[in-house]
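Letters A, B, ... mirror the listed sequences (proteins, then strands); counts begin at 1. Computed from a prediction, not measured in an experiment: that's the story for all the values here.
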Amino acid sequence: MLQITYLREHRLSALEGLKKRGLPDAEQLIDQALDLDQQRREVQAKADALRAQSNAESKKIGELMKAGQTNQANDLRAKVGNLKHELKKLEEDLARCEEELRLHLYKIPNIPAQAVPAGRSADDNLNVYQHGSIPNLPKGALPHWELIKKYDIIDFEVGNKITGAGFPVYKDKGARLQRALISFFLDEAEKAGYKEIMPPLLVNEASGYGTGQLPDKEGQMYCVTADQLYLIPTAEVPITNLYRDVILNEADLPVKNVGYTPCFRREAGSWGAHVRGLNRLHQFDKVEIVQIRKPGESYQALDEMCAHVQSLLEKLELPYRKMLLCGGDMGFNATLTYDMEVYAAAQQRWLEVSSVSNFETYQANRMKLRYRSAEGKIQLLHTLNGSALALPRVVAALLENNQDENGIRIPDVLVPYTGFNRID
RNA sequence: AGAGGAGUGGCAGAGUGGUUGAUUGCACCGGUCUUGAAAACCGGCAGCCCUUCACGGGGCUCGGGGGUUCGAAUCCCUCCUCCUCUGCCA
């Protein structure tokens, strides 16, 4: 959620930024927020003044009672009683104003950073870096959804039976490969200075609001209605919410956390062509890195996180490209996002395996995540996160790119984790 | 899940209706003293919102929400969390 004080002071640059997202009603959104804010402040000023009066009179009643001047105390008591009616109405107005403003601010997405190109869709994203060569596959090369059947390592049918579409069952070397990738990603992150966190997989409503999945993406999360809990769509939610309502000391920074979790996404309405096999699932595994940074350092941290993700892809020998997302394709909460896409040679498609974003203060403002500087000044922090990495599409590309007539080669770096160097 | 107890500032711990946003101790920060350090002493030390160019002024918050009252940390209701006992369970 944007800070209203920011909008008050930087209306024009906010507007300019939001236009890069292609928001047709950006001006209206901002001006309405400013109006609501103006109303709120007026009502609060009145309510505060009235309350100040009533507090002062009440104090006097106490003094009169102590002095034994009961009659005067009773007169005053009646007078203050009348103030209360007036105050009650103002309090209701104030609560309504605050609520309206809050709900309105939830509707305004984050302001894209300077570097973000304007654009409508993924077609307008900028390819800023590319690495590795596109493999030449043998004749008769198969897409991963055929390979997993051929070698019997991932089973969608039995997943359909026990749960439903999009919940595959990993078997044998397929299961082992999942575990190997998770361990590899966690070990690499720890080498890069991240602290491992194993969080709950269900979160409450407040956490959903903290990182911005609620109210915006309510329909995309699985909800356990009996207890009003949500299955996490990403480890970002619990790991960032660790710091909800927290004031960190400057010495505690930067925070660098990593966590492996399964992720659960309803993916309502997003099924179509191109989502076969592992390309899109309701449950998948992901290792997520999260950083919490002082405002001045967050873009440097973003670069550092990208470099980490890129090093993983290079170690796995996967060809990839780094995309700078345009305003229209960027998530609601982010100011700047890089997507990493690997090339899956049998499908002949680039698949997004990581999304690395800076949220600046957007999440921190919702979460009241702040730090106290050495001089004692308190201010909001910047939050960042990135997938490092999401497994299914990495597996898809590994299977497709490393296939030959007799099987699939496992990249050297994974062999110590899998205990085998081929799937056949 | 049932019964009982409890939740106060970074921590510990007072406070059961009236200038108490809160005694005190520890921790922390600044200062005096000291060659330096410790000790001692002095001072500071919650967050948010409104208002003011500023100095300052005002409001809200004692787990969350609601209520009683002129006035609530203190009384009532409700939810959450923790502890003890019983039950259940990997």
Side-chain angles (χ1 to χ4, degrees), chain A residues 1-9 33-105 198-210 214 224-230 238 241-253 255 292 361-381:
Chain A
M1 158 164 82
L2 292 171
Q3 298 167 78
I4 188 67
T5 48
Y6 177 85
L7 289 178
R8 286 212 291 257
E9 286 157 27
L34 293 174
D35 279 353
L36 289 168
D37 178 50
Q38 182 67 33
Q39 273 178 42
R40 180 194 119 249
R41 284 149 70 203
E42 281 166 16
V43 174
Q44 177 167 353
K46 277 188 213 163
D48 282 358
L50 206 54
R51 240 186 310 226
Q53 192 188 343
S54 135
N55 285 346
E57 310 271 35
S58 291
K59 239 172 228 175
K60 260 186 234 160
I61 294 174
E63 282 157 16
L64 290 170
M65 298 287 282
K66 219 180 261 177
Q69 295 170 302
T70 327
N71 287 341
Q72 279 159 282
N74 283 337
D75 288 349
L76 204 49
R77 194 176 290 188
K79 188 180 158 197
V80 180
N82 288 334
L83 282 183
K84 229 189 124 179
H85 289 291
E86 229 176 306
L87 188 55
K88 181 141 189 163
K89 191 187 160 292
L90 280 173
E91 275 171 350
E92 281 165 10
D93 284 352
L94 183 59
R96 208 198 54 237
C97 284
E98 283 172 347
E99 174 77 355
E100 260 179 63
L101 178 59
R102 193 173 57 85
L103 291 177
H104 185 76
L105 286 174
M198 193 180 274
L201 306 182
L202 279 78
V203 293
N204 58 28
E205 210 176 24
S207 295
Y209 275 98
L214 292 174
V224 181
T225 51
D227 298 291
Q228 200 51 47
L229 296 173
Y230 295 89
N241 271 285
L242 253 26
Y243 303 91
R244 173 152 48 82
D245 288 318
V246 166
I247 300 177
L248 291 166
N249 290 316
E250 189 162 9
D252 300 330
L253 295 164
V255 170
I292 297 172
T361 59
Y362 197 85
Q363 291 181 328
N365 187 38
R366 278 191 178 195
M367 275 194 289
K368 311 234 178 307
L369 164 54
R370 293 161 292 173
Y371 82 105
R372 184 180 278 111
S373 69
E375 307 82 57
K377 195 180 154 208
I378 287 174
Q379 61 178 318
L380 290 172
L381 284 158

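Pairing for B/C48 goes to B/G59, judged as Watson-Crick or G-U wobble with the two contacts each under 3.5 Å. Of all nucleotides present, none satisfies the Watson-Crick or G-U wobble test against B/C53 with each distance under 3.5 Å. Summarising the base pairing, B/G71 is matched to no nucleotide, lacking a Watson-Crick or G-U wobble pair whose two defining distances lie under 3.5 Å. Pairing for B/G43 goes to B/C29, judged as Watson-Crick or G-U wobble with the two contacts each under 3.5 Å. Using N1 to N3 plus N6-O4 or O6-N4 for Watson-Crick, or N1-O2 and O6-N3 for G-U wobble, each under 3.5 Å, B/G36 pairs with nothing. Across all strands shown, B/A1 pairs with B/U86; the Watson-Crick or G-U wobble distances both stay below 3.5 Å.
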Please lay out, stage by stage, how A/Lys89 and A/Glu92 fare under the test salt bridge (Lys or Arg N to Asp or Glu O under 4.0 Å). CA-CA 5 Å; A/Lys89 191 187 160 292; A/Glu92 281 165 10; over 6 Å; no
Given side-chain contact (heavy atoms from CB on, under 4.5 Å), test A/Val203 with A/Asn241 step by step and report yes or no. CA-CA 9 Å; A/Val203 293; A/Asn241 271 285; over 6 Å; no
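A side-chain donor-acceptor contact under 3.5 Å links A/Ser373 to the backbone of A/Lys377.
Considering only residues two or more places apart in sequence or on other chains, A/Glu98 meets the salt bridge (charged side-chain N to carboxylate O under 4.0 Å, His left out) condition with none of them. Judged as a side-chain hydrogen bond (donor to acceptor under 3.5 Å, both in side chains), and not counting sequence neighbours, the contacts of A/Gln379 are A/Tyr371. Under the rule for a side-chain hydrogen bond (donor to acceptor under 3.5 Å, both in side chains), the partners of A/Gln228 that lie at least two apart in sequence or sit in another chain are A/Tyr230.
A/Arg51 has a carboxylate O that lies under 4.0 Å from a charged side-chain N of A/Glu91, or vice versa, which qualifies the two as a salt bridge.
Comparing B/G71, B/G18, B/A46 by their closest approach to the side chain of A/Arg372 singles out B/A46.
Between A/Met65 and A/Ala73, the shortest heavy-atom distance links the atoms SD-CB, 3.7 Å.
Atom NZ in A/Lys377 sits about 16 Å away from atom C1' in B/G47, given to the nearest Å. Here B/C70 presents its C1' atom at 9 Å from NZ of A/Lys84, a figure rounded to the nearest Å. B/G10 atom P lies 14 Å from atom CG of A/Asp252, rounded to whole Å. The nearest whole Å value for the distance from the CG atom in A/Leu64 to the C1' atom in B/U19 is 13 Å. Whole-Å rounding puts the A/Gln69 CD to B/C70 C1' distance at 16 Å. Rounded to an integer number of Å, the gap from CG of A/Asn74 to C1' of B/G71 is 14 Å. Here B/C29 presents its P atom at 14 Å from CD of A/Glu250, a figure rounded to the nearest Å. For A/Met65 and B/U69, the CE to P distance is 15 Å, given to the nearest whole Å.
Straight-line distance between the C1' atoms of B/G17 and B/A22: roughly 15 Å, to the nearest whole Å. Straight-line distance between the P atoms of B/U24 and B/G44: roughly 11 Å, to the nearest whole Å. With P as the reference atom, B/U51 and B/G67 are 26 Å apart, rounded to whole Å.
Among the atoms of the strands shown, only primed sugar atoms or phosphate atoms (P, OP1, OP2) are found under 4.0 Å from some heavy atom of A/Ile378.
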Base versus backbone protein contacts along nucleotides 49-66 of chain B [heavy-atom cut-off under 4.0 Å; B, S, -]: BSS------BSS------
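Defined by atom type and a distance below 3.5 Å, a donor-acceptor pair is missing between the side-chain atoms of A/Ser58 and A/Asn55.
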Polar atoms only, N or O, under 3.5 Å: list the protein pairs with nucleotides 72-80 of chain B and their distances.
none

List the atom pairs, donor and acceptor, that lie under 3.5 Å between side-chain atoms in residues 41-48 of chain A and the rest of the protein, sequence neighbours left out.
unit_1, atom_1, unit_2, atom_2, d
A/Arg41, NH1, A/Asp37, OD2, 3.2
A/Glu42, OE2, A/Gln38, NE2, 3.1
A/Gln44, NE2, A/Asp48, OD2, 3.3

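Each of A/Ile61 and A/Lys88 was assigned the nucleotide of RNA chain B with the nearest heavy atom; the assignment lying further toward the 5' end belongs to A/Lys88.
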